[in-house]
Each structure stands twice: as C-alpha cells, then as structure tokens.
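Heads up: the structure comes next, in structure tokens.
FYI, side chains are in, hydrogens and waters are out, and symmetry mates aren't considered; it's all heavy atoms of this structure.
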Amino acid sequence: MQRSNHTVTEFILLGFTTDPGMQLGLFVVFLGVYPLTVVGNSTLIILICNDSRLHTPMYFFIGNLSFLDLWYSSVYTAKILVTCISEDKSISFAGCLCQFFFSAGLAYSECYLLAAMAYDRYVAISKPLLYAQAMPERLCICLVLYSYTGGFVKAIILTSNTFTLDFCGDNVIDDFFCDVPPLVKLACRVRESYQAVLHFLLASNVISPTVLILASYFSIIATILRIRSTQGRLKAFSTCSSHLISVTLYYGSILYIYSRPSSSYSLERDKIVSTFYTVLFPMLNPMIYSLRNKDVKEALKKFFKSA
C-alpha cells in the first residue's frame with residue numbers, strides 16, 4: 001500500500017539488531033556510556049564556570065562544545081535504550097521529526113563551533129601577544145551565537161524538505177534514529193530539488209567549516225615551523241592538539257556518511273559510524289580536552305578540595 005507523508009503516523013526503528021541477547025548487551029553498554037557523557041561534560045562546564053583561570057576564549061568554546069555534546073547525546077540515548085529492551089519499536093511521525101530537527105541543528109552547530117575554535121587556536125599561536133585584543137569576549141559570544149543560529153536555521157531547511165518527501169511502502173527505518181539516509185530509502189522518489197538542498201547544506205555546514213579549519217591549521221603549521229626551539233614547537237602544537245583530534249574524529253565520521261550519493265548508502269555500515277559521532281564522541285570529548293590539559297586538571301583538584 002502506498003503511503004504519503006500525510007498518512008504516515010509513525011515509523012518503526014529497527015535499531016542495531018533483532019537478536020535479544022545482543023539487544024540486552026547493547027542496552028547495558030549505552031546505559032553505561034550515557035552517565036559518563038553527562039558527568040564528563042557537566043563537570044567540564046562547571047569547572048570552566050567556577051575557575052577564573054579557565055575564563056579564556058579557548059575554554060569558553062570548550063564549555064559550549066560540552067553543552068552541545070550533552071544535549072546532542074540526550075537526543076538519541078533515551079530512544080536507543082527503549083528500542084533495545086522494548087518490543088515497541090515505534091516512533092511517532094512528530095517524534096521522528098523532532099529528533100531529526102534537533103539532531104541536525106546540534107550537529108550543524110557543532111560544525112560551526114569547531115571552525116570557530118580553529119580560528120581561536122590560529123590567533124592564539126600566530127598572534128600570542130595580541131590574543132586578548134584579537135579575541136575579545138564580544139567576538140567569542142558572537143561566534144557562538146552564530147554557530148547556534150546558523151546550525152538551527154539550516155536544520156529547519158533540512159527538516160522541512162525531508163518531511164515533505166512522499167514515503168511509500170514500508171515505514172520501517174533500518175537504523176536507531178531518524179536520519180537522512182534511512183528516510184531517503186523510504187521515499188518513493190527523491191526530487192532533484194531535495195538533492196540540491198542536501199548538497200547546499202553539505203557545502204555550507206560541513207565543507208565550508210572544513211575549509212576554514214584547514215586554512216587555520218595551515219597557518220598554524222607555518223607559524224610553528226618558524227619557531228626555532230623544539231620545545232617551543234611542541235608547546236605550540238600541544239595547545240591545539242586536542243582540538244585537532246576532535247575535528248578529525250567528528251568531521252571524519254560526518255563526511256563519511258553525508259558526502260556520498262544516496263545510491264551508495266550502506267545502512268549497516270552507517271549505523272556503526274553514526275553510533276560513534278552521536279553517542280561515543282560526546283563521551284570522548286571531555287576526556288580529549290581534559291586528560292592532557294594541565295589547567296583543567298588543576299581546576300579539578302581545586303574543585304574537589306573545596307567541595
């Protein structure tokens with residue numbers, strides 16, 4: 001029976017597997033990952049707010065990244081846990097739309113924020129004596145607001161275009177959340193205008209920030225190579241190594257899934273990659289920015305002593 005987007009009232013999320021044993025195992029894993037994500041990101045936000053030594057542009061951006069990751073993980077995890085242990089795998093049309101919108105908005109916002117952080121690292125390394133003047137509080141706030149605004153405006157565009165597609169046949173989503181690839185698989189046909197929207201969003205939300213990040217790091221590398229001492233080079237590189245790891249992991253998984261044509265989507269393989277950037281990456285980020293960071297470690301020690 002053919003269905004359009006006007007008659008579909010719910011979708012069925014297949015999740016990762018139909019094997020009960022594996023579903024229970026995955027439930028335990030995700031139940032362990034989510035508290036670590038909440039505690040890690042919340043702790044980092046509290047430390048940045050409470051310790052005056054962390055009131056710098058770099059940590060302001062890191063705090064906002066933790067906020068995004070905290071919200072981002074929450075969009076998915078509750079439904080993943082329910083899907084793993086419940087026989088009811090359904091999600092309402094409105095619920096799917098909301099999950100899709102917030103996941104897209106947060107993902108796009110994070111892309112812009114990571115680009116802003118790359119610019120911050122460029123200024124810090126290339127112009128250390130003018131860092132405070134080049135990155136005033138007003139500019140940092142504007143960059144963060146632009147990241148959020150740009151991300152969610154683009155999410156409105158993507159959501160409105162995706163959920164006006166005609167869905168026909170099965171309403172089963174072979175994934176653990178509502179995303180572009182599985183929804184495109186359910187569409188009767190994908191309009192050329194929709195493909196154009198996807199290409200526009202990919203260019204503006206992923207490729208453009210990637211170009212800005214690469215340009216920043218080319219400048220950073222050029223500056224580091226001009227430093228004469230090996231110790232000075234290592235110190236300069238250490239200030240941006242955490243951000244570089246985050247960018248590589250996040251953009252690598254995003255580009256892998258969304259830069260390919262819809263005809264080459266492999267939902268089984270994409271589930272694994274999607275799990276990384278939706279669930280595991282938000283848990284790893286606090287570790288990436290704190291384990292090798294002397295200032296954060298000292299702030300954590302101070303926090304526990306005063307508690």
Side-chain angles (χ1 to χ4, degrees), residues 13 15-16 22-51 54 58-86 91 95 98-114 117 144 147-148 151-152 155 175-179 242-254 256-257 270-293 296-297 299-300 303-304 307:
L13 294 172
F16 297 93
M22 290 188 66
Q23 285 182 342
L24 183 60
L26 289 170
F27 174 82
V28 173
V29 170
F30 288 118
L31 189 62
V33 167
Y34 185 61
L36 290 175
T37 302
V38 173
V39 171
N41 286 288
S42 299
T43 301
L44 198 52
I45 292 171
I46 292 170
L47 291 177
I48 291 170
C49 291
N50 290 344
D51 197 305
L54 303 182
M58 181 179 76
Y59 292 110
F60 176 71
F61 290 124
I62 291 174
N64 278 279
L65 183 65
S66 290
F67 173 73
L68 282 176
D69 285 337
L70 189 61
W71 193 4
Y72 197 40
S73 179
S74 300
V75 169
Y76 306 102
T77 307
K79 192 61 183 177
I80 290 174
L81 293 173
V82 171
T83 304
C84 285
I85 62 171
S86 174
I91 182 171
C98 288
Q99 186 188 66
F100 185 95
F101 168 73
F102 282 109
S103 64
L106 294 167
Y108 292 156
S109 297
E110 190 149 333
C111 287
Y112 289 128
L113 186 61
L114 287 171
M117 293 172 72
V144 169
S147 298
Y148 290 144
F152 279 94
D175 209 333
F176 61 92
F177 72 108
C178 296
D179 196 17
S242 296
H243 176 260
L244 189 58
I245 293 170
S246 285
V247 167
T248 302
L249 294 176
Y250 188 72
Y251 274 88
S253 55
I254 291 285
Y256 173 80
I257 291 180
D270 289 354
K271 285 180 190 180
I272 299 173
V273 181
S274 298
T275 304
F276 179 80
Y277 77 83
T278 57
V279 179
L280 296 180
F281 184 77
M283 179 190 70
L284 294 175
N285 250 347
M287 301 179 190
I288 293 171
Y289 285 101
S290 61
L291 290 179
R292 298 179 59 194
N293 192 302
V296 174
K297 289 179 181 178
L300 189 61
F303 177 78
F304 281 121

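For the side-chain hydrogen bond (donor to acceptor under 3.5 Å, both in side chains) test, no residue two or more places apart in sequence or in another chain qualifies with Tyr250. With sequence neighbours excluded, the residues that form a side chain to side chain contact (heavy atoms under 4.5 Å, CB included) with Thr278 are Tyr72, Tyr76, Phe176, Phe177.
Atoms OG and CG, on Ser246 and Leu65 in that order, are 6.0 Å from each other to the nearest 0.5 Å. From Ile288, atom CD1 reaches atom OG of Ser242 across 7.5 Å, with rounding to the nearest 0.5 Å. Separating the NZ atom in Lys79 from the CD1 atom in Ile91 is a distance of 5.0 Å, to the nearest 0.5 Å. The CE atom of Met58 lies 8.0 Å from the CE atom of Met117; values are rounded to the nearest 0.5 Å. In this structure, CD1 on Ile48 lies 6.0 Å from CD1 on Ile62, to the nearest 0.5 angstrom. Here the straight-line distance linking atom CD1 of Ile245 with atom CG of Asn285 works out to 10.0 Å at 0.5 Å rounding.
Judged by distance alone, the side chain of Gln99 and the main-chain N or O of Cys178 form a donor-acceptor pair under 3.5 Å. Using a distance-only test at 3.5 Å, with no hydrogens or angles considered, no donor-acceptor pair links the side chain of Tyr289 to the main chain of Gly63. With hydrogens and angles ignored, the 3.5 Å screen pairs no side-chain donor or acceptor of Asp179 with any backbone N or O of Asp175.
Between Ile80 and Phe27 there is no side-chain heavy-atom pair separated by less than 4.5 Å. Residues Met283 and Val279 are not in side-chain contact: their nearest non-hydrogen atoms beyond the backbone lie 4.5 Å or more apart. Residues Asp51 and Tyr59 form no side-chain contact, since every pair of their non-hydrogen atoms from C-beta on lies 4.5 Å or further apart. Side chains of Leu106 and Phe152 form a contact here, defined as non-hydrogen atoms less than 4.5 Å apart.
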Using residues 28-47 as the side-chain source, report each donor-acceptor pair under 3.5 Å to any protein atom, sequence neighbours left out, with the distance given to one decimal.
unit_1 : atom_1 : unit_2 : atom_2 : d
Tyr34  : OH     : Ser74  : OG     : 2.7
Thr37  : OG1    : Val33  : O      : 3.0
Asn41  : OD1    : Ser66  : OG     : 3.4
Asn41  : ND2    : Thr37  : O      : 2.9
Asn41  : ND2    : Pro282 : O      : 2.9
Ser42  : OG     : Val38  : O      : 2.6
Thr43  : OG1    : Val39  : O      : 2.6

side-chain contact (heavy atoms from CB on, under 4.5 Å) for Tyr112 and Tyr148? Distances and angles first, verdict last. CA-CA 8 Å; Tyr112 289 128; Tyr148 290 144; over 6 Å; no
Working for side-chain contact (heavy atoms from CB on, under 4.5 Å), residues Cys111 and Tyr251: CA-CA 8 Å; Cys111 287; Tyr251 274 88; 3.4 Å; yes
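In terms of heavy-atom proximity, Ser109 sits nearest to Gly151 at OG-CA, 3.6 Å.
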